[in-house]
Number of protein chains: 2
Amino acid sequence: MILITKEEAKHLSINNLKRYRLRKMVLRYLYEERFVSAAEVSQKISVSLPTTKTLLDELIALGAVMTSGIGDSRGGRKPALYSLVAGAFYVITIGIEHYSAKIAIFNSHNELVTEVRTIQTNVNHPDLAEKLHTVSMDLIHEARIDDSKIVAVGVYMPGLVNSATGINYAIKNEAYQNIGKTLKKRFGKTIYIDNDARMQALGEFIFGKAKDSRNALVINWSWGLGLGMILNGQLYGGSTGFAGEFGHIKLEENGILCYCGKRGCLETVASSQSILNMAISGIENGTITQLATPYKDNLSSLKPEDVVNAARAGDEFSISILNKVGNSFGRGLAVLIQLLNPEIIVLGGPISKAQQFILTPIQQTLNQDCLEKISSIVRIEISEIDDRSGLLGLCARLFQKVLGDVTEVR
Amino acid sequence: MILITKEEAKHLSINNLKRYRLRKMVLRYLYEERFVSAAEVSQKISVSLPTTKTLLDELIALGAVMTSGIGDSRGGRKPALYSLVAGAFYVITIGIEHYSAKIAIFNSHNELVTEVRTIQTNVNHPDLAEKLHTVSMDLIHEARIDDSKIVAVGVYMPGLVNSATGINYAIKNEAYQNIGKTLKKRFGKTIYIDNDARMQALGEFIFGKAKDSRNALVINWSWGLGLGMILNGQLYGGSTGFAGEFGHIKLEENGILCYCGKRGCLETVASSQSILNMAISGIENGTITQLATPYKDNLSSLKPEDVVNAARAGDEFSISILNKVGNSFGRGLAVLIQLLNPEIIVLGGPISKAQQFILTPIQQTLNQDCLEKISSIVRIEISEIDDRSGLLGLCARLFQKVLGDVTEVR
DNA sequence: CACTGTTATTTATATTTTTTATAAAGGAAG
DNA sequence: CTTCCTTTATAAAAAATATAAATAACAGTG
């Protein structure tokens, strides 16, 4: 076995432990950099070139690494390049959403090796874990993957998820609070569970707009306001994994009642639902708008996206709604910026697709509410990968766990 | 030299680099643990006992480490204990406050080896750097410290300090925006500059109430509201060192005008100044209060501490003021808790000394504004070391820098 | 107080790694 | 096309490190 558990690693002799750690460092570096020369690896892991070579040779013998051509030189002999074998390791990623779940398998080049299969279900489904396992097995067989090469299974889900324990405290059904335990039994692999917004944030950090930003905030702007944070280059989850409850910070003393039971939560004035509420009451009151004709007698089919599209088509009423919502959202964002001084904020979800109709009012509010020195350095951008950032983030997180966290390695 | 610069380390051969890193790891471990056996060191640095022994012997020969007695055993031969020599390294810590500066020197046991000398001055003093240097030199001589054993000089100051560059963007005077540069010239040592609230947070994290809490918030509750954050066990400064502007988050849409130019900042309703304002207007309006007699004709000498003391003596009016301020503060704190899910919040500064008179209204507001799952796990405590947490934090930070950040060491 | 079990320390040997030297491969300049 | 320089690759010598075995120190027990 190339990778072993922490428990097994404890029983290794000093020499074997060193070897194992070096191997993991090499694998981690190859995972992150794709094509590297032996000299670069040697530099990175602070080990002489001959030993680096034997390490690489061992990994080649184990089938995890391969040589792939020769690189460019800046004056001397061209180096042989090494890379991870794409099929050396696989991870299964599962994204649980409100009424559906996505399942997909990635290889060690972060490439999808299966379709993203979507199943209709919900968090309280009686045999969710079993269903997820069955579908995963189907995918493994279809893609003809050797089961032993699956190194980890990851799940993201909404709610208050403590990734250290895998327990979701927002779910009433006790059996599914701790779905990790059930999955562990079924899969017999390393299981990792985290919150959906956090995995999206990691996806943006590694593959998206927040790449290379050590301090980034990613907000999924939809029915709720999911916030994932990258702080000091690390995913931040808080002491019990509940960090990022951006939608339920209270900005109005006597605001609208939120479904969480509190009053004046940001979600009550800056979510998809608030957009719908405003649109519906406007249509009912006979406001002139493009939305009136198609939806007047069919209010229940009105979706937030429709308001966004109408705004893009020039509908003044829709623009004013987005303006209001943007201002409210901006007030919350200003708080975040003052507290965390991020260098980038990435917005995802349907509302973010309103582009300038939403960015302009946000910026307006930030100018009002923030210290100039702090707000002037932050970039606000719209995600380009928010349909898959969660699964990608999960994929990256799993490989981080399996190949060693940068922060873990001593 | 036991410690060298990063630049020098780059020119080391692989073997010497390894040796150097191991030495630093040993020193760091001894700095953190005080008394350890060779076996423990060996474990910690993943190196065999014989080599650990030679490492320790070398460090003893260099005068940085000494044996100090023997430890307890659980059945076998008692181990020889090793510890850092107290006088092996020293750091100079400088705390710049609004109208004064504190200077003190600590040894590698985090012990003060001089008095804490206070000089009257302010950030815009024409020759602040020179004065600080002169006083430091006096202290060095008085304590008979060998100058070569001073390994770093640290400064904390209020404002928007970027600790990576040492520049303070809140100070108008350009020459003193970058006091680090001037100090570097004078001292010729590693200079570290950071924000006051952050250093207090680190002090609490390492020596105070937040010890062993990986996610802690420390608030200095005084004229301003200084926030320092420990997230994932690391000090958090944001992308440009401006994180923690808790006092200037906007919670009231049309609130009081703040000196920062914005309206409705938390500081306008939850700082020392707001306590004074309420007390003064109450006294002027003839409210019955213990404060009336001593201060009626002498309002300018009224201090926030007086209100706190009156409350403790049972003065209803003062209690009601603290109640209001506690509620306002609680609203801000609720936002912090929802976003960051800390396990402890440590309050320092004069207002925090009001104990239950302020904790009760805070808790009340938290119950209203927070999700129960998040607020129920957070402990709110009053600092016991807030008169010296800043210098202590700075001392720890300097040794972290010099002996290698845990996160830096690979 | 001798005996046994346990842990710490030291020494000798075996193993691993680095260093140094040398060869091979390629680029740049004349 | 040759020479010189730089970089990579490999082999052999030298140094550093780990392992294992031996010794020392101590606690508990009969």
Side-chain angles (χ1 to χ4, degrees), chain A residues 9-26 29-30 33 35-62 65-83 409-410, chain B residues 9-26 29-30 33 35-62 65-83 409-410:
Chain A
K10 274 184 190 164
H11 303 300
L12 256 38
S13 69
I14 290 181
N15 252 340
N16 289 339
L17 187 64
K18 277 188 179 172
R19 212 110 247 265
Y20 176 66
R21 284 193 181 155
L22 283 176
R23 262 191 204 162
K24 256 177 54 163
M25 285 173 80
V26 172
Y29 188 52
L30 290 175
E33 297 295 323
F35 296 104
V36 289
S37 70
E40 287 170 315
V41 176
S42 160
Q43 272 274 314
K44 181 75 181 178
I45 67 177
S46 287
V47 155
S48 74
L49 224 131
T51 26
T52 304
K53 270 289 279 177
T54 59
L55 271 169
L56 286 168
D57 288 343
E58 281 170 14
L59 286 169
I60 288 174
L62 287 165
V65 171
M66 63 184 195
T67 55
S68 36
I70 49 174
D72 285 340
S73 93
R74 300 164 303 286
R77 176 173 177 173
K78 290 181 175 174
L81 293 183
Y82 296 82
S83 68
V409 183
R410 217 182 333 104
Chain B
K10 275 185 187 162
H11 304 298
L12 256 39
S13 71
I14 290 182
N15 250 342
N16 289 340
L17 186 64
K18 277 188 178 171
R19 212 109 246 268
Y20 175 65
R21 284 192 180 156
L22 283 177
R23 261 192 205 161
K24 257 180 47 168
M25 284 174 80
V26 172
Y29 188 52
L30 288 176
E33 296 296 323
F35 297 104
V36 289
S37 70
E40 285 169 317
V41 176
S42 162
Q43 272 275 313
K44 182 75 183 177
I45 66 177
S46 286
V47 154
S48 74
L49 229 137
T51 29
T52 303
K53 267 291 277 179
T54 60
L55 270 169
L56 286 168
D57 288 343
E58 280 170 13
L59 286 169
I60 288 174
L62 286 166
V65 171
M66 61 185 198
T67 54
S68 37
I70 48 174
D72 285 341
S73 92
R74 301 164 300 286
R77 178 173 175 172
K78 291 179 176 174
L81 294 182
Y82 296 81
S83 68
V409 182
R410 219 182 329 106

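Residue numbering restarts at 1 for every chain, and letters A, B, ... go by the order of the sequence lines.
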| said: With a 3.5 Å distance limit and no angle check, can you tell me whether A:Ser37 reaches the backbone of A:Pro79 through a side-chain donor-acceptor pair? | reply: no
| What pairs with A:Asn15 under side chain to side chain contact (heavy atoms under 4.5 Å, CB included), at least two apart in sequence or on another chain? | A:Ser13
| field | A:Arg23: side chain to side chain contact (heavy atoms under 4.5 Å, CB included) partners, not counting sequence neighbours | value | A:Leu55, A:Glu58, A:Leu59, A:Leu62
| note | Sorted by chain and residue number, the salt bridge (charged side-chain N to carboxylate O under 4.0 Å, His left out) partners of B:Glu33 (sequence neighbours excluded) come out as none
| remark: Between B:Lys53 and B:Tyr82, the two heavy atoms sitting closest are NZ-OH, 3.1 Å
| said: My understanding is that only residues two or more places apart in sequence, or in another chain, count here; which of them pass side-chain hydrogen bond (donor to acceptor under 3.5 Å, both in side chains) with B:Ser83? | reply: B:Ser68
| message | Return the CG to CD1 distance between B:Leu17 and B:Ile14, rounded to the nearest 0.5 Å. | response | 8.0 Å
| note | Whether each nucleotide of nucleotides 18-30 of chain D has a protein heavy atom under 4.0 Å at its base (B), only at its sugar-phosphate (S) or at neither (-) is summarised, 5' to 3', as BB----BBBS---
| request: Name the first nucleotide and the last nucleotide along DNA chain C (5' to 3') that come under 4.0 Å of a heavy atom in chain B. | output: C:dG5 to C:dT19
